[in-house]
Structure formats: C-alpha cells, structure tokens
Amino acid sequence: MKKIPRWLPGAIISLVLIAAILKWVDLRAMAEAIRKADYHDLAVAFALSFLWMMVRARVWQTLLRHRVSYGNVLLTTGEGYLLNNFLPFRLGEVGRAFLITRKSTPSADSGERLPFGEVLPTIVIERVVDLGISAAILLASLPYVVGAKGAERIGYVVGGGVAIGLMALYALARSQRRTLDLFHRLSARWPALQKMGGGFLQAFLAGLGVLTEGWLFARFLCWMMLNWGMALVAYYLMMSAYFQQARPVWSLFGLGAAAFGGAIPSLPGAVGTFDGALAGALTLLTGDPSTALAVALTARLYNYLNSGLIGGLGLAREGETLGEIYRQILQLKGE
C-alpha cells in the first residue's frame, strides 16, 4: 500500500489511454484487419525481432567492455526486457544489471566480478542514447506527416535534454577524482553514507568511463545504429502487412512515437501508452484507428515474443522466477 503513490500516476495514464482506445476503435474492424493481414511480412518481422535482440546484446556487451560472455549478455538482455513487461517502474533495467554482475568474469587485478554500480551506468548511457535516436527519427519524419503541427517542439526539447544529459555524464566521467573528493567532503558528517555511497559512486563513475574511450564509444554507436535500423525495417514490415500504401517514413514516425510512449509512466510493459502512441501515430497517417490498433498490438506481440523466449530461456537455465528476482531487486534497493 505504501507504494501506491508511486505506481498510481502511471496506472491512471494507462487506464485513461485504454479507455480512449476502446471508445474510438471498432474491435470487429480490428479483428478483420488482423485476419486479412499479410502474414508473410509479419513472419519476416518476427524473425527480425530475434536478430534485433542479438544486436542489442552486442550493444550492451560493448559498453560492458566484453567482461561478460556474449551468450550471458544475450540471455540477460532478454531477461531484462521480460522483467520490464511484468514489473513496475522499469525494474527490468535494475534486474538485468543485478543479474549480469553474477555472470561477469572476475577481474585479473582484483579477482572480483563486475560491480553492480559499474554496470548501472552502461544501462543509463544506453537509454539516454535510445531517447536521442528516437527524438531524431521522430524529427526526421515530421516534415512528411500531415496534422502533426507542434510535435517538432517535443522532439527538440527531448533531443536537447538528451544532449545535455550526455554532456553531463561525459563531464562526470572526465572528472572522476574531483567528483569523489567533493562527495567525501560533503558527506564527512555521515560516515555510514560516505562508506556506502563512496563505493557505489566510484563504481558508477568507472562505468561512465566508456564515454571517454573514443573507439569503444564509436563501436557502441555503430551497433546501436544497426539495432535501430533493424527495428525500422521490422516496423515497416508490420505496417505494410496491414496497410498496402505504407511508406518507409511511416516506420520513422511510428517507431519514434512508440519509443516515447514506452517512456511515459504507465503500468508494466507500457500497457496503454505504447499502444496509444503507435496507434495514434498511424491514425494520423491513415485515418483508420481500428487497423492502426491492430498494428500496435502486433508490435506488442513482437516485443513479447523475443523477450519471452530468450528471457524465459535465461530464467529457466538459472532456475530463477520473476517473483524471486523481484524480491531480490527490492532487497537490493533496501525496500
């Protein structure tokens, strides 16, 4: 009950959007659109979803400086996305950081595994760059979209915020010693905080060090751009399966909108927000909300399919359950 104030706003947003969708969508027309869809295009898109997850694992492994085997990173990436589908507050991100620490290779210097505090910034960097790319593709599509007046301001605000965030993280990575010294001076009156927080901050700053390694960061960006390119192709295939007149620019607008919908506070799995954002974007383009929702639900299945199979395999191999991981995450957060 004490967590109600934290999850209630997201729940309200999701429920309001679900109610709006049900009001404006003809469910029979949506079912008919699903029946008439081009399942060849959908099959190719779903196959791409597994390739997408494999490349996303390579993105993260690059940020982790290859201190974890690719197989473990792939399974843990799937586990993280699976957890996000069922746990609130995007705890899947914390979950995959927690799980990957147990699979990392002990350091040759200290003999210790990759610290949780050093893994967490790699996920922060990944998500910040995701937001930047989603803002960029949304902006790129707006000149071709009718009726989206004013939306470009959102893209500029988000893009500017992402740029400022990356610069701030880079500044922290470049001034690790000064940041640690400042923390120790400010926390001198609280020895317990200094002892516990100092170790975590040091590991966190070490994780940000990837931003200062030019070649490593360039490889990360290349893998990230390939990952987003595959998502654009998959989304175009899903859209063309329902709309014969679909154009490649639709996938730019739809994927950009879906990415922002997934970032809005909501119920677990971005229920309502993801579907509403993608269906709304396609409704602007086509004027057909029922078929647009069919595409959004297909995209949701696309997301569940790869995370469910890869993440489920990872959990089964480790003998873990969603409930047990959730309890471990809460213990890690001190709740």
Side-chain angles (χ1 to χ4, degrees), residues 6-34 37 42 45 49 81 84-90 92 127 130-131 133-135 137-142 144-155 157-158 228 231-232 234-243 246 249-305 307:
R6 293 164 52 187
W7 60 256
L8 188 57
I12 292 174
I13 292 172
S14 287
L15 293 174
V16 168
L17 286 172
I18 290 171
I21 289 170
L22 293 176
K23 178 179 179 180
W24 292 103
V25 169
D26 183 337
L27 296 181
R28 290 184 180 179
M30 183 195 73
E32 183 65 15
I34 293 174
L42 293 181
S49 75
Y81 280 90
N84 272 337
N85 289 334
F86 295 100
L87 299 184
F89 316 123
R90 297 194 69 84
R127 287 310 183 193
D130 273 334
L131 271 177
I133 294 175
S134 62
I137 65 174
L138 186 60
L139 282 172
S141 67
L142 285 176
Y144 306 95
V145 177
V146 178
K149 294 179 180 179
E152 69 276 4
R153 288 194 290 272
I154 299 175
V157 170
V158 174
W228 274 86
L232 287 169
Y235 268 62
Y236 172 69
L237 288 170
M238 285 186 282
M239 292 173 187
S240 64
Y242 291 93
F243 295 103
V249 71
W250 288 22
S251 63
L252 287 171
F253 187 56
L255 182 56
F260 283 116
I264 296 172
S266 66
L267 290 171
V271 172
T273 56
F274 172 88
D275 318 88
L278 180 53
L282 287 176
T283 300
L284 281 175
L285 293 167
T286 66
D288 184 351
S290 300
T291 306
L293 180 60
V295 176
L297 294 179
T298 301
R300 177 170 290 281
L301 178 61
Y302 168 96
N303 293 334
Y304 284 164
L305 185 64
S307 63

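Owing to the predicted nature of the structure, the values given are computational and were not obtained by experimental measurement.
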Q: Shortest non-hydrogen contact from Pro289 to Thr283?
A: CA-OG1, 3.4 Å
Q: Would you please test Met30 and Leu297 for side chain to side chain contact (heavy atoms under 4.5 Å, CB included) and show each step?
A: CA-CA 10 Å; Met30 183 195 73; Leu297 294 179; 3.7 Å; yes
Q: Can you list the steps and then say if Tyr242 with Leu282 is a side chain to side chain contact (heavy atoms under 4.5 Å, CB included)?
A: CA-CA 11 Å; Tyr242 291 93; Leu282 287 176; over 6 Å; no
Q: Specify the closest pair of heavy atoms between Ala33 and Ala294, including all atoms of both residues, with the distance to one decimal.
A: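 Ala33 and Ala294 have their closest heavy atoms at CB-CB, 4.3 Å.
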Q: Under 3.5 Å, is there a donor-acceptor pair between the side chain of Thr273 and the main chain of Gly261?
A: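 It does hold such a pair.
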Q: Answer yes or no: is there a side-chain heavy-atom contact under 4.5 Å between Asp275 and Leu17?
A: no
Q: Rounded to the nearest 0.5 Å, what's the gap from CG on Leu15 to OG on Ser266? Could you check?
A: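 That separation rounds to 10.5 Å.
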Q: Using 0.5 Å steps for rounding, measure from the CG atom of Leu293 to the CG atom of Asp288.
A: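 Reported to 0.5 Å precision, the distance equals 10.5 Å.
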Q: Which pair of heavy atoms, one from Ala270 and one from Gly262, lies closest together, and at what distance?
A: CB-CA, 3.9 Å
Q: Hey, does the side chain of Arg300 reach the backbone of Gly269 with a donor-acceptor pair shorter than 3.5 angstrom?
A: yes
Q: Using side chain to side chain contact (heavy atoms under 4.5 Å, CB included), reason through Thr286 and Thr291 one step at a time and then give a plain yes or no.
A: CA-CA 9 Å; Thr286 66; Thr291 306; over 6 Å; no
Q: Supply the atom-to-atom distance Leu255 CG to Phe260 CZ, rounded to the nearest 0.5 angstrom.
A: 10.5 Å
Q: If you compare all heavy atoms of Leu305 against all heavy atoms of Ser49, which two are closest, and at what distance to 0.1 Å?
A: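 Closest approach of Leu305 to Ser49, heavy atoms only: CD2-OG, 4.5 Å.
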Q: Could you give the distance from CD1 (Ile264) to CZ (Phe274), rounded to the nearest 0.5 Å?
A: 12.0 Å
Q: Which pairs with one or both residues in residues 11-25 pass side-chain hydrogen bond (donor to acceptor under 3.5 Å, both in side chains), sequence neighbours excluded?
A: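 Those involving residues 11-25 do not exist here.
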Q: Any sub-3.5 Å donor-acceptor pair from Asp26's side-chain atoms to Ser290's backbone N or O?
A: no
Q: Taking Met238 as the fixed residue, which of Leu42, Leu301, Leu278 is the one that meets the side chain to side chain contact (heavy atoms under 4.5 Å, CB included) rule?
A: Leu42
Q: About how many Å separate CH2 of Trp228 and CG of Leu252, when rounded to the nearest 0.5 Å?
A: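 CH2 of Trp228 is found 10.5 Å from CG of Leu252.
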Q: Taking all non-hydrogen atoms of both residues, which atom of Ala277 and which atom of Ala257 are closest, and how far apart?
A: CB-O, 3.3 Å
Q: In terms of ring plane angle, is the pair Tyr235 and Tyr302 parallel, tilted or perpendicular, where the classes change at 30° and 60°?
A: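 Plane angle over 60°, so perpendicular.
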Q: What distance separates Thr298 OG1 from Asn303 CG, expressed to the nearest 0.5 Å?
A: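 Here the rounded value is 11.0 Å.
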